[in-house]
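Read the structure below first, then the notes.
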Amino acid sequence: MSVQRVLTGITTSGTPHLGNYAGAIRPAIAASRHPGVESFYFLADYHALIKTTDPLRVQRSTLEIAATWLAAGLDTGRVWFYRQSDIPEIPELTWLLTCVAGKGLLNRAHAYKAAVDKNTADGVDPDAGVNMGLYMYPVLMAADILMFKAHSVPVGRDQIQHIEMARDIAGSFNHLYGEHFVLPEAAIDASVATLPGLDGRKMSKSYDNTIPLFAPPAELKKLIFSIVTDSKAPGEPKDAEGSALFQLYQAFSTPEEARAMRTAFDEGIAWGEAKQALFERIEAAVAPMRERYQALVAEPAQIERHLHEGAAKARALATPFLAELRHAVGLRNLATAVQAVAAAPAKSAALPQFKQYREADGRFYFKLVDGDGRLLLQGAGFDSPREAGRCVAALKQGGAVALAGTELRLDDAVVATLADGVGEAELRAALAAFAD
Ligand code: TRP
């Protein structure tokens with residue numbers, strides 16, 4: 001079975017709440033532990049600039065959301081965990097995608113359309129108060145996803161249209177320039193409930209009905225006791241199914257505990273008692289994480305370190321891929337382009353390619369294939385994608401790499417071997433295609 005790439009981002013414009021945790025972070029961390037899955041989880045801070053113009057809010061939220069992922073047990077050695085704005089290839093890719101994205105497609109984006117509809121209803125200019133960030137939001141999101149060739153994107157239902165737009169834009173690019181992008185799919189996990197908020201509607205910052213994940217116990221308790229219920233008296237049977245209180249309880253308990261609570265509802269548990277039980281359940285689940293969270297937030301430099309490592313790991317993939325895309329659209333080294341035209345005017349642009357991948361032995365490999373997919377150079381196994389990426393970059397730049405027989409050396413270590421029947425001249429010719 002081939003590796004499944006899963007990618008999702010959280011916009012860094014708010015304080016993480018119970019809904020973010022149970023609906024996104026907790027299932028994502030569980031999924032990242034499955035074998036055969038490569039997970040990419042990132043902080044969508046460029047997207048935050050579309051939601052708020054308060055710099056302190058963006059900074060604070062980025063810190064809080066990063067600390068939440070780590071406190072919740074994300075293993076950064078296993079996943080790609082990074083901050084969007086640390087990857088300059090993402091805005092660059094956004095431009096390449098912008099040039100193939102239909103304006104009509106973006107006109108139909110729900111968030112933009114809602115703004116236009118509201119303006120029209122209010123009798124003002126349709127685009128009043130709409131900035132290009134809001135309009136381009138789906139293209140930036142497509143770049144996030146397509147950059148890392150994600151197969152599957154776990155999101156809430158409100159984001160499905162964005163994934164479809166990413167597919168659409170990827171399809172247009174592939175059609176024009178060749179099959180560079182993987183077409184992603186939205187993954188909506190039916191077993192992960194959307195948590196209700198204090199008023200029974202979906203827990204969301206836009207409804208102002210959230211319970212912050214790491215609220216101090218006293219505040220947590222106060223908020224839980226403010227959850228809206230009906231006016232049934234103690235002893236009257238209560239309907240668990242329609243109850244926000246019960247759904248929250250269920251999200252933080254084992255199936256047995258949930259079953260016992262359902263029986264208690266049938267038997268007429270008092271609302272005050274049910275709220276106390278919910279508070280105790282959530283507090284038990286959150287308390288150990290809260291402690292780790294507070295320690296992390298107190299040491300932001302350590303979080304920065306995690307993010308920088310994550311960015312290097314992500315860029316080991318993004319940098320070579322963007323080089324391939326730049327070449328595909330014609331942003332090329334002029335000398336090689338002229339030579340290619342002079343030498344082989346009729347030949348289509350089937351270019352050599354570096355491929356990076358991970359083997360079952362857990363190590364990171366690269367190889368160089370020619371335009372027809374024939375193996376030219378096989379890289380050795382590396383401990384990290386970063387080291388493999390460093391070799392690829394060195395080869396592309398043509399420096400510091402020495403060939404001895406069929407062995408290629410970088411800093412005195414053998415990093416790759418020529419494939420059978422491939423000579424130095426052929427290798428040099430292939431590498432010249434990458435020269436910048
Ligand atoms: N738009 C997403 C949200 O608000 C956040 C996001 C940005 C995202 N880029 C992404 C989600 C890429 C998944 C994939 O929830």
Side-chain angles (χ1 to χ4, degrees), residues 4-17 19-29 31-32 37-52 57-58 61-62 64-66 68-69 74 79-87 89-91 93-94 97-98 101 106 109-115 133-170 181-189 192 194-195 202-207 210 310-311 314 317-318:
Q4 192 64 9
R5 283 236 174 126
V6 177
L7 175 147
T8 198
I10 297 182
T11 306
T12 58
S13 54
T15 291
H17 55 68
N20 299 138
Y21 173 67
I25 296 174
R26 189 176 62 187
I29 291 176
S32 74
V37 174
E38 289 182 341
S39 304
F40 291 70
Y41 299 143
F42 70 98
L43 307 161
D45 56 346
Y46 282 136
H47 280 98
L49 305 185
I50 298 163
K51 304 242 154 121
T52 174
R57 184 166 145 200
V58 175
S61 172
T62 305
E64 289 178 350
I65 294 175
T68 300
W69 277 106
L74 185 71
V79 307
W80 282 254
F81 177 61
Y82 53 93
R83 170 170 51 195
Q84 186 187 31
S85 67
D86 285 337
I87 318 292
E89 289 82 2
I90 289 175
L93 176 56
T94 301
L97 299 179
T98 300
L106 296 175
H110 296 320
Y112 172 65
K113 252 179 63 180
L134 175 67
Y135 193 73
M136 293 293 294
Y137 188 107
V139 186
L140 176 58
M141 187 160 155
D144 292 331
I145 298 168
L146 301 179
M147 175 58 84
F148 296 105
K149 303 187 172 153
H151 304 101
S152 168
V153 186
V155 282
R157 291 186 188 285
D158 56 329
Q159 297 291 316
I160 294 177
Q161 189 196 31
H162 291 148
I163 313 301
E164 281 164 4
M165 290 184 161
R167 287 177 68 86
D168 228 84
I169 295 169
F181 293 125
V182 168
L183 303 194
E185 306 222 21
I188 310 289
D189 188 341
V192 175
T194 311
L195 280 205
K202 174 187 169 183
M203 189 179 291
S204 161
K205 244 178 70 64
S206 8
Y207 296 143
T210 63
L317 297 171

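Computation of the quantities below employed the complete heavy-atom set of this structure, encompassing side-chain atoms and omitting hydrogens, waters and symmetry-equivalent molecules. Remember, it's 1-based here, ligands and their atoms both numbered in the order they're listed.
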Ring pair (Phe, Tyr, Trp, His ring centres under 6.0 Å), that's the test. Do Tyr41 and Phe81 meet it? Break it down for me.
CA-CA 5 Å; Tyr41 299 143; Phe81 177 61; 8.1 Å; no

Within the 3.5 Å criterion, strictly below it, is a donor on Thr11 or Ser13 matched to an acceptor on the partner's side chain?
no

Measure across Tyr112 and Leu134 and return the closest heavy-atom pair with its distance rounded to 0.1 Å.
CA-CD2, 4.4 Å

Non-hydrogen atoms of Pro184 and Leu146 that approach each other most closely:
CD-CD2, 3.9 Å

Non-hydrogen side-chain atoms of Ile25 and Ile10 separated by less than 4.5 Å
yes

Near ligand 1, at a heavy-atom separation below 4.0 Å: residues by chain and residue number
Leu7, Thr8, Gly9, Thr11, Phe42, Ala44, His47, Tyr137, Met141, Asp144, Ile145, Val153, Val155, Gln159

Hits for salt bridge (charged side-chain N to carboxylate O under 4.0 Å, His left out) against Arg167, two or more places apart or cross-chain, chain-then-number order -> none

